[in-house]
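Worksheet for the structure shown next.
Positions are given from 1 along the sequence.
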Amino acid sequence: MKILLVEDEPKVAAFLHQGLTEQQYAVDLAPDGLVGLRMALANSYDLLILDTLLPSLSGLEVCRQVRAQNPAVPILMLTALGETDDKIRGLDAGADDYLVKPFAFQELLARIRALARRRQEGPAAGAVLRLADLTLDPARKLVQRAGQAIQLTAREFALLEYLLRNQGRVISRVDILEHVWETSFDTGSNVIDVYINFLRKKVDKDFSPKLIYTLVGMGYVMKEE
């Protein structure tokens with residue numbers, strides 16, 4: 001597995017490089033955002049690990065630009081900014097996961113394995129998903145409703161795909177955290193509500209019938225009434 005690590009703190013970069021190399025990962029290092037972006041676009045990587053606060057170009061901007069060119073590559077953000085709004089900005093920029101410093105190295109390894117599994121399982125689950133006049137194509141990362149293209153962020157796409165794969169079934173907040181974020185947000189956080197609202201505005205607001213429903217105290221369900 002080939003990893004690009006974009007980290008400007010030399011001690012952190014050296015520690016992570018050594019630890020990941022000892023786990024048999026091939027690791028390239030970039031000391032700032034601009035170099036990291038150039039390397040990410042010029043080479044093929046199985047995973048990008050980006051610090052958020054980087055010289056030259058922020059990790060968020062690197063993430064946005066890479067995601068625009070490569071929708072499939074997994075991106076893990078490392079940052080000291082741990083507030084819910086910070087996490088939302090990182091995920092909304094296109095990151096697949098978000099790990100707050102300081103963190104246990106074993107947790108980083110677990111996140112890497114989870115992202116690798118998700119990428120490997122993707123092609124086998126590539127059938128177009130449908131509900132009413134809504135379609136989602138996992139392979140081409142396309143969403144349409146009533147023939148109209150709908151632009152989603154990477155996290156919105158992942159959430160909609162999970163809901164569609166479980167249409168008709170009530171999905172709890174814990175289910176969503178485990179399967180879409182694969183991380184340990186405080187269950188009292190409103191990040192899921194925020195993203196459900198994002199989806200409603202794009203998928204339901206200007207269309208009929210409504211497809212996303214909230215069951216208070218239970219979770220969410222996608223269905224056609």
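- Not a single donor-acceptor pair under 3.5 Å links the side chain of Arg89 to the backbone N or O of Leu60.
- Met218 shares a hydrophobic cluster with Val170, Tyr213, Leu215, Val221; the chain of contacts runs through ILVMFWY side chains whose heavy atoms sit under 4.5 Å apart.
- Contact annotation: the side chain of Leu20 approaches that of Leu109 to within less than 4.5 Å [non-hydrogen atoms, C-beta and beyond].
- Criterion: ILVMFWY side-chain heavy atoms under 4.5 Å apart, direct or through other members. Under it, Leu4 and Leu57 are part of a common hydrophobic cluster.
- Sorted by first and then second residue, the pairs that involve residues 57-67 and meet side chain to side chain donor-acceptor pair (under 3.5 Å), not counting sequence neighbours, are Glu61-Arg64, Glu61-Gln65, Arg67-Asp96.
- Annotation: the span from Glu161 atom CD to Leu136 atom CG amounts to 5.5 Å, rounded to 0.5 Å.
- For the ring pair (Phe, Tyr, Trp, His ring centres under 6.0 Å) condition, the pairs that include at least one residue of residues 131-169, sequence neighbours left out, are Tyr162-His179.
- Here CG of Leu131 is found 4.5 Å from CD of Gln167. Values are rounded to the nearest 0.5 Å.
- The stretch residues 15-24 participates, sequence neighbours left out, in these side chain to side chain donor-acceptor pair (under 3.5 Å) pairs: Gln18-Glu22.
- At a threshold of 4.5 Å between non-hydrogen side-chain atoms, the residues Arg200 and Asn197 count as touching.
- A chain of hydrophobic side-chain contacts below 4.5 Å, direct or via other Ile, Leu, Val, Met, Phe, Trp or Tyr residues, connects Leu177 to Met222.
- One finds no salt bridge joining Asp204 and Lys210 here, because no Lys/Arg side-chain nitrogen approaches an Asp/Glu carboxylate oxygen to under 4.0 Å.
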Assess whether side chain to side chain contact (heavy atoms under 4.5 Å, CB included) is satisfied between Tyr45 and Met1, documenting all intermediate values.
-> CA-CA 8 Å; Tyr45 291 101; Met1 186 173 184; over 6 Å; no
Val203 and Leu134: side chain to side chain contact (heavy atoms under 4.5 Å, CB included), yes or no, with the steps?
-> CA-CA 8 Å; Val203 172; Leu134 174 68; 4.0 Å; yes
Please assess Ile49 against Val27 for the test side chain to side chain contact (heavy atoms under 4.5 Å, CB included), listing each intermediate value before the final yes or no.
-> CA-CA 10 Å; Ile49 301 177; Val27 183; over 6 Å; no
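- Annotation: the span from Leu129 atom CG to Leu160 atom CG amounts to 8.5 Å, rounded to 0.5 Å.
- The minimum heavy-atom distance between Ala149 and Gln144, with the atom names listed, is CA-CG, 4.1 Å.
- Taken to the nearest 0.5 Å, the CG atom of Leu199 stands 5.5 Å off from the CD atom of Glu156.
- Residues Phe105 and Leu16 have side chains in contact (heavy-atom distance under 4.5 Å, counting atoms from C-beta outward).
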Run the numbers on Asp46 and Lys2 for salt bridge (charged side-chain N to carboxylate O under 4.0 Å, His left out), then give the verdict.
-> CA-CA 5 Å; Asp46 299 299; Lys2 190 174 181 181; over 6 Å; no
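- Using a distance-only test at 3.5 Å, with no hydrogens or angles considered, no donor-acceptor pair links the side chain of Arg169 to the main chain of Leu163.
- A donor-acceptor pair is defined here as one N or O able to donate and one able to accept, closer than 3.5 Å; such a pair exists between the side chain of Asp32 and the backbone of Val35.
- Nearest heavy-atom pair, Arg145 versus Asp133, reported as atom, atom and distance to 0.1 Å: NE-OD1, 2.5 Å.
- A 4.5 Å side-chain heavy-atom check between Val194 and Ile88 finds at least one atom pair inside the cut-off.
- At least one side-chain heavy atom of Glu107 sits under 4.5 Å from a side-chain heavy atom of Leu99.
- Judged as a side-chain hydrogen bond (donor to acceptor under 3.5 Å, both in side chains), and not counting sequence neighbours, the contacts of Tyr220 are Asp193.
- Expressed to the nearest 0.5 Å, how far CG of Leu47 lies from CD1 of Ile75 amounts to 9.0 Å.
- Rounding to the nearest 0.5 Å gives a distance of 6.0 Å between CG of Asp51 and OG1 of Thr79.
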Kindly list each side-chain donor-acceptor pair under 3.5 angstrom involving residues 5-15, sequence neighbours excluded, with atom names and distances?
residue : atom : partner : partner atom : Å
Glu7    : OE1  : Lys101  : NZ           : 3.0
Glu7    : OE2  : Glu9    : N            : 2.9

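- Of all heavy-atom pairs between Cys63 and Ala93, the closest is SG-O, 3.6 Å.
- When all heavy atoms are compared, the tightest approach of Arg155 to Ala95 is NH2-O, 3.1 Å.
- Under a 4.0 Å N-O distance rule, the pair Asp137/Arg140 qualifies as a salt bridge.
- Between Leu91 and Tyr98, the closest heavy-atom pair is CD2-CB, 4.4 Å.
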After noting the C-alpha distance and the side-chain angles of Asp28 and Ile3, does the key distance pass the side chain to side chain contact (heavy atoms under 4.5 Å, CB included) rule?
-> CA-CA 6 Å; Asp28 288 345; Ile3 296 174; over 6 Å; no
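- When every heavy atom of Tyr195 is checked against every heavy atom of Asp92, the shortest pair comes out as OH-N, 3.2 Å.
- No side-chain heavy atom of Leu50 sits less than 4.5 Å from a side-chain heavy atom of Leu78.
- Using a 4.5 Å heavy-atom threshold, the side chains of Phe198 and Thr153 count as separate.
- Contact of the Ile176 side chain with the Leu159 side chain is registered, since non-hydrogen atoms from C-beta on lie closer than 4.5 Å.
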